[in-house]
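Okay, so here's the structure we're looking at.
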Amino acid sequence: MGSFMSGNVPFKLPPISVKLIIVVVFVVLVLVGAFTSIFIVDQSEESVVTTFGKFNRVVGAGLHFKLPFGIEQNNNVPTQITQNMVFGSRGQGAAGNADARRTMPEEAIMLTGDLNIIEMQWIIQYNIYDPLQWLFKVENRVQTIRDISQSVINELVGDRTIFSILGPARTEIENLAVTKMNGLFEKYELGVKINEVKLQSIVPPQGKVSDAFDDVNRAQQDMNKLINEGKQRFNSEIPKARGEAQQVIQQSQGYATERVNKATGDVARFLSVLTQYRTDPSNTRIRLYNEMMEEIFGQSNAENRPTLIDKNLDNTVPLLNLPARKGVTQ
């Protein structure tokens with residue numbers, strides 16, 4: 001085969017047989033085939049398998065097999081992960097901390113409907129729901145999402161005044177942005193669905209507009225404070241008034257029931273006496289007279305007890321022991 005000199009003694013390489021070369025090549029091919037025929041899909045992913053670049057199938061999470069040596073290839077897509085995309089700024093700051101990032105004027109600066117300049121930063125949250133569309137329908141997917149999102153926000157801001165954007169229209173813009181973006185993504189078959197659009201930072205121009213914005217904010221805070229105080233007063237007074245009204249109603253119902261029962265008893269007593277009077281008028285009349293006298297004299301006390309005398313003054317009038325009145329000496 002060959003030789004080389006080691007000092008003064010020639011050294012010959014051992015002969016390599018063709019059979020050994022074939023075995024080595026075969027083992028290498030087997031190992032390469034084994035490694036290229038197995039792939040793993042994470043729980044948060046789906047994988048699109050292609051055969052010579054043509055779509056073949058979509059598989060879920062787990063260990064899967066494919067044809068080796070690049071005949072079939074897998075493309076894992078994170079379909080179960082909610083992804084964020086930030087607009088108007090770049091940097092390492094957290095999604096909710098707009099100040100920690102660098103502002104991108106080409107995205108953030110917009111023109112409002114009343115021809116004012118405003119600087120806005122926002123975040124979209126989206127999920128990939130169709131991995132096949134995501135991989136094959138649109139070439140530059142991320143840039144397409146950015147272009148559509150920026151176009152929609154610019155349109156919504158351009159239809160409104162600066163004070164409505166800074167105030168009550170904020171939530172409306174977020175909701176409409178979700179609807180419009182999802183409509184466009186579906187039209188372009190991106191395989192993406194927007195879950196939420198969150199406006200982060202809205203900064204008005206410096207000067208009179210900024211001062212007016214501060215006034216509007218203070219007015220809104222005062223309004224919310226008064227509304228909360230009114231609700232608190234309502235929650236404390238209304239139940240009390242309802243309780244008092246219910247108490248009066250119950251008292252009225254009790255009084256009505258009492259009066260009805262008393263009247264019913266009086267009627268029953270009168271009818272009973274009337275029946276007796278029709279049977280024995282003379283004795284009934286005397287009994288009624290005696291009962292009335294007992295009632296009158298029974299309710300009298302020592303001070304206002306009546307004194308009976310002869311109406312013709314034929315008998316001696318007894319000496320009455322008149323009671324002393326307060327402040328009068330007998």
**OP:** Evaluate side chain to side chain donor-acceptor pair (under 3.5 Å) for D147 paired with Q143, printing each intermediate quantity in order.
**Re:** CA-CA 6 Å; D147 292 342; Q143 188 59 44; 2.9 Å; yes
Original post:
Passes salt bridge (charged side-chain N to carboxylate O under 4.0 Å, His left out), K193 versus E186? Steps please.
Top reply: CA-CA 8 Å; K193 180 179 179 181; E186 184 176 356; over 6 Å; no
**OP:** Verify salt bridge (charged side-chain N to carboxylate O under 4.0 Å, His left out) between D266 and K262, making sure each step is shown before the conclusion.
**Re:** CA-CA 6 Å; D266 291 344; K262 185 175 183 303; 3.3 Å; yes
**OP:** Apply side chain to side chain donor-acceptor pair (under 3.5 Å) to the pair N56 and T51, showing each step before the final yes or no.
**Re:** CA-CA 6 Å; N56 183 282; T51 304; 3.2 Å; yes
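Residues K66 and F39 meet the side-chain proximity criterion, which asks for heavy atoms closer than 4.5 Å. Using a 4.5 Å cut-off on side-chain heavy atoms (C-beta onward), N283 and D280 make contact. Between S149 and W122 there is a side-chain heavy-atom pair separated by less than 4.5 Å. Counting heavy atoms from C-beta on, the side chains of H64 and V41 come closer than 4.5 Å. Looking at F55 and L132, their side chains come closer than 4.5 Å, going by heavy atoms from C-beta outward. Looking only at side-chain heavy atoms (C-beta outward), I38 and F65 come within less than 4.5 Å of each other. Counting heavy atoms from C-beta on, the side chains of F136 and V48 come closer than 4.5 Å. Side-chain atoms of R287 and Q276, non-hydrogen and from C-beta on, do get closer than 4.5 Å to each other.
In this structure, a donor-acceptor pair under 3.5 Å is absent between the side chains of T275 and S272. Side-chain contact, D42 with N76: no donor N or O sits under 3.5 Å from an acceptor N or O. Between the side chains of Q125 and T82, no donor-acceptor pair is found at a separation under 3.5 Å.
Shortest non-hydrogen contact noted between I118 and V203 is CG1-O, 3.5 Å. Nearest heavy atoms, E174 versus L199: OE2-N, 3.0 Å.
Within a 6.0 Å radius of CZ in F270, no more than 12 heavy atoms belonging to other residues, nucleotides or ligands are found. At most 12 heavy atoms of other shown residues, nucleotides or ligands fall within 6.0 angstrom of atom CD in Q43. Surrounding CD of E229 are more than 12 heavy atoms belonging to other residues, nucleotides or ligands, all under 6.0 Å away.
Just one of I124, L156, L176 meets the side chain to side chain contact (heavy atoms under 4.5 Å, CB included) condition when paired with V197; it is I124. M120 pairs in a side chain to side chain contact (heavy atoms under 4.5 Å, CB included) with only one of the listed residues (I109, T112, I202), which is I202.
In this structure, Q73 CD and T36 OG1 are separated by 10.5 Å, a value rounded to the nearest 0.5 Å.
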Quiz: residues 241-251 side-chain donor-acceptor pairs under 3.5 angstrom, not counting sequence neighbours:
none

